[in-house]
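Throughout, a chain's letter reflects where its sequence line sits, starting with A, and its residues are numbered from 1.
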Amino acid sequence: MTPPPPATAMAEMIRPRKTPKDSKINLDILSVTKGTSLSYIALVGLAALGVTQALLTLAYQTYEGLGIAGYQAPVFWGVYIITFVFWIGIGHAGTLISAILYLFRAKWRNAINRGAETMTIFAVITAAQFPLIHIGRIWKFYFLIPYPNQRGLWVNFKSPLIWDLFAISTYLTISLVFIYVGLIPDIAIARDRSTGIKKLVYTVLCGGWQGTSRQWKAHNRTILHLAGLSTPLVLSVHSVVSWDFAMSVLPGWHATIFAPYFVAGAIFGGFAMVLTCLIPVRRIFGLEAYITDYHFENMSRFILLTSWIVGYAYGMEYFIAWYSGVEFESTSFYLRAFGPYWMSTWMMITFNFIFPQLLWFKKLRTHVTFLFVLAFFINLGMWFERYVIIITSTSRDYLPSVWGLYIPSAAELSILAGSFCFFALFFLLFLKVFPIIAITEVKELVIHEKMHGEAR
Amino acid sequence: MPTILSVFERPDHVAAAVRKLKGRGFDDLETYSPAPFEEIEEAMDNKPSLVRLFTLVGGLLGVLTGFAMPIWMSWDWPVKIAGKPFASIPPYVIIGFELTILFGGLLTLVGLFIVGRLAPRKLDPGYSLRFSAEDFGLVVTVPDRDVAEVDSLMRAQSAVEVTLVDG
């Protein structure tokens, strides 16, 4: 039994306690997770409806066979693969913001990294379904997983498709680990302020987090190491995806520029999607104090930079097609611009390179409505970029006698629409479960500012 | 032995208080802070974190697996193509690279839980939700005779509140 402390000390300690005030940052950011408005429920319902129609189409396609997709000789990579590459690309901005900007100590990322990581997770999950949809016989998806087997399948580790499997499953796993580690202290904040079953779930998820110095130290190290590991990972994933094309011999695909071209495009499209997600979130939940115009301006700068890299790649493809003197290559690129898919090509160039040039003006970089509209066009442009790359090359092969035309079928468009609804549905649900802004990271900045008396 | 909880408003005050207490020989300390602050971590324990070992071991295991698995599988099902060796190392670099990151990342997560001693369990009696707001806490367990001294010491270090922890 502990004997009581000396009376003088006891007397000294009995003082009226202040009722501790909760932090404004906690209240503001956790308020996003509280309550559901009618319009929120309507949006979730709409997204769920979109997912349902895609599931019905998928069931029909599984029953009927891939014939109901627009696939026919010579085009066997259609909307499903395009959309797969599109969503994988979208997933790149999140890890770029959370890992690369972390290593560069770009503190402005603190307010937007959670939103971007969330987007990454759901984009990659959306993308990961498309190879399965694309193979038609979904029940045989495990054939993709390499292991010695009795099924007569040779595991070919020299194939980029196998590299892709490793790259994407690693990317999904590490992105999940990354967002989870970042969430731990924030879940503890939510745990301290909830009751009942919610508290139980948060308690288990945050692993008894109390913010002790030992915990913070391990946490900091973990984030640093994960950032170090994810940085090359981000660059590798879309490179490996690009090799799915570049390792083959089709004109228009077999180019060494593909890896950097795809990575830059992915970051470009990813930032556009971050804008598409965060602009409405900021507006609806009144988070202007945390996600400021400064953040949007910085993201616009990234978009401007990567639009130039993408534009350079577009130009370089045409230059090499002409300069190489290879007839197949130059014909292929001539047909891109003036063949049956000319509209997609010009849309891609206009939306991804010409429109973003407006970001040279500071007024437009900080004009949120303009950015939202621009981001919409960039998303469209990036989808069409993959459309152009995949369809024009497969439909115009070496021999004109095997040329064909591909038109997306209704089934494919239904599943494409479903993928957007799937992404939106899970993003909306996430908003109500976990804080969409990294509370502790924002708090770190705020306390530092308070200490040093600097106000931005 | 009684446990004393002091509440601070700034991380540098916590760090100074920790140093003071350590200087007086009180080593049974714990801090709670709403965000990471290097000054507190340095004052508490200046040793490098052991998480790095987990990452290293994970990365090495990954690169080993990433090369061993394809090489084993290529030999397990030998298909001779163009007179080349069954196992070709250059393309396996990609598998090795991805698995280095996968295993390294997963083991880093394990390291966080082990090194940070995270487990769903009852929270410390000294912890309260104000430490996930914007206050900093410092608990120290001292012999009875030192309670008064620690109390005045903490107040001198600009603690805004000093109380005994129940239980």
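Using non-hydrogen atoms only and a strict 4.5 Å limit, the part of residues 25-36 of chain B facing chain A consists of B:Glu30, B:Thr31, B:Tyr32, B:Ser33, B:Pro34, B:Ala35, B:Pro36. Scanning residues 50-63 of chain B against chain A with a 4.5 Å non-hydrogen threshold yields B:Val51, B:Arg52, B:Thr55, sorted by number. Scanning residues 113-123 of chain B against chain A with a 4.5 Å heavy-atom cutoff picks out B:Phe113, B:Val115, B:Gly116, B:Arg117, B:Leu118, B:Ala119, B:Pro120, B:Arg121, B:Leu123, ordered by number.
B:Trp77 approaches A:Leu153 most closely through the heavy-atom pair CZ3-O, 3.1 Å. The two residues B:Leu129 and A:Arg193 have their closest heavy-atom pair at O-NH2, 3.1 Å. In this structure, B:Gly105 and A:Val177 approach most closely via the heavy-atom pair O-CG1, 4.2 Å. What you find for A:Ser23 and B:Ala133 is that their closest heavy atoms are N-CB, 3.6 Å.
Between the side chain of A:Asn26 and the main chain of B:Ser132, a donor-acceptor pair closer than 3.5 Å is present. In this structure, the side chain of A:Lys217 does not engage the main chain of B:Glu42 through any donor-acceptor pair within 3.5 Å.
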Evaluate the criterion side-chain contact (heavy atoms from CB on, under 4.5 Å) for residue pair A:Phe166 and B:Leu102; output intermediate values, then yes/no.
-> CA-CA 9 Å; A:Phe166 279 93; B:Leu102 180 65; over 6 Å; no
Could you walk me through whether B:Arg130 and A:Asp22 pass side-chain contact (heavy atoms from CB on, under 4.5 Å), step by step?
-> CA-CA 7 Å; B:Arg130 62 191 306 183; A:Asp22 201 355; over 6 Å; no
Candidate pair A:Tyr147 and B:Met69, rule side-chain contact (heavy atoms from CB on, under 4.5 Å), full reasoning | CA-CA 9 Å; A:Tyr147 56 93; B:Met69 185 181 65; over 6 Å; no
Does the side-chain contact (heavy atoms from CB on, under 4.5 Å) test come out yes or no for B:Phe136 and A:Ile447, once each step is laid out?
-> CA-CA 11 Å; B:Phe136 294 79; A:Ile447 294 176; 4.1 Å; yes
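With a 4.5 Å cut-off on non-hydrogen atoms, B:Asp146 does not touch chain A at all. For A:Pro232, the parts lying under 4.5 angstrom from a heavy atom of chain B are both the backbone and the side chain. Contact annotation for A:Pro148: both backbone and side-chain heavy atoms come within less than 4.5 Å of a heavy atom of chain B. For chain B, no part of A:Leu172 is nearby; none of its heavy atoms comes within less than 4.5 Å. Heavy atoms closer than 4.5 Å to chain A are found in the side chain of B:Asp76, but not in its backbone. For A:Tyr180, the part lying under 4.5 angstrom from a heavy atom of chain B is the side chain only. The part of A:His225 that comes within reach of chain B is its side chain, from C-beta onward, which places non-hydrogen atoms under 4.5 angstrom from that chain. Contacts of A:Leu233 with chain B are made by both backbone and side-chain atoms, with heavy-atom separations under 4.5 Å. Only the side chain of A:Ile184 has a heavy atom closer than 4.5 Å to any heavy atom of chain B.
Put simply, the side chain of B:Phe37 reaches to within 4.5 Å of the side chain of A:His448, judged on heavy atoms. Within the 4.5 Å cutoff, no side-chain heavy atoms of A:Asn220 are placed close to those of B:Glu38. Taking 4.5 Å as the limit, every side-chain heavy atom of A:Ile189 sits out of range of all side-chain heavy atoms of B:Phe131.
Of the listed residues A:Val442, A:Thr170, A:Val240, the one with more heavy-atom pairs under 4.5 angstrom with chain B than any other is A:Thr170.
Between B:Glu134 and A:Lys24, no side-chain nitrogen of the basic residue sits less than 4.0 Å from a carboxylate oxygen of the acidic one, so the salt-bridge criterion is not met.
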Only distances under 3.5 Å count here; give the side-chain donor-acceptor pairs of residues 79-94 of chain B to other protein atoms, sequence neighbours excluded, each with its distance to 0.1 Å.
{"from": "B:Lys80", "atom 1": "NZ", "to": "B:Lys84", "atom 2": "O", "distance (Å)": "3.3"}
{"from": "B:Tyr92", "atom 1": "OH", "to": "B:Ser74", "atom 2": "OG", "distance (Å)": "2.7"}

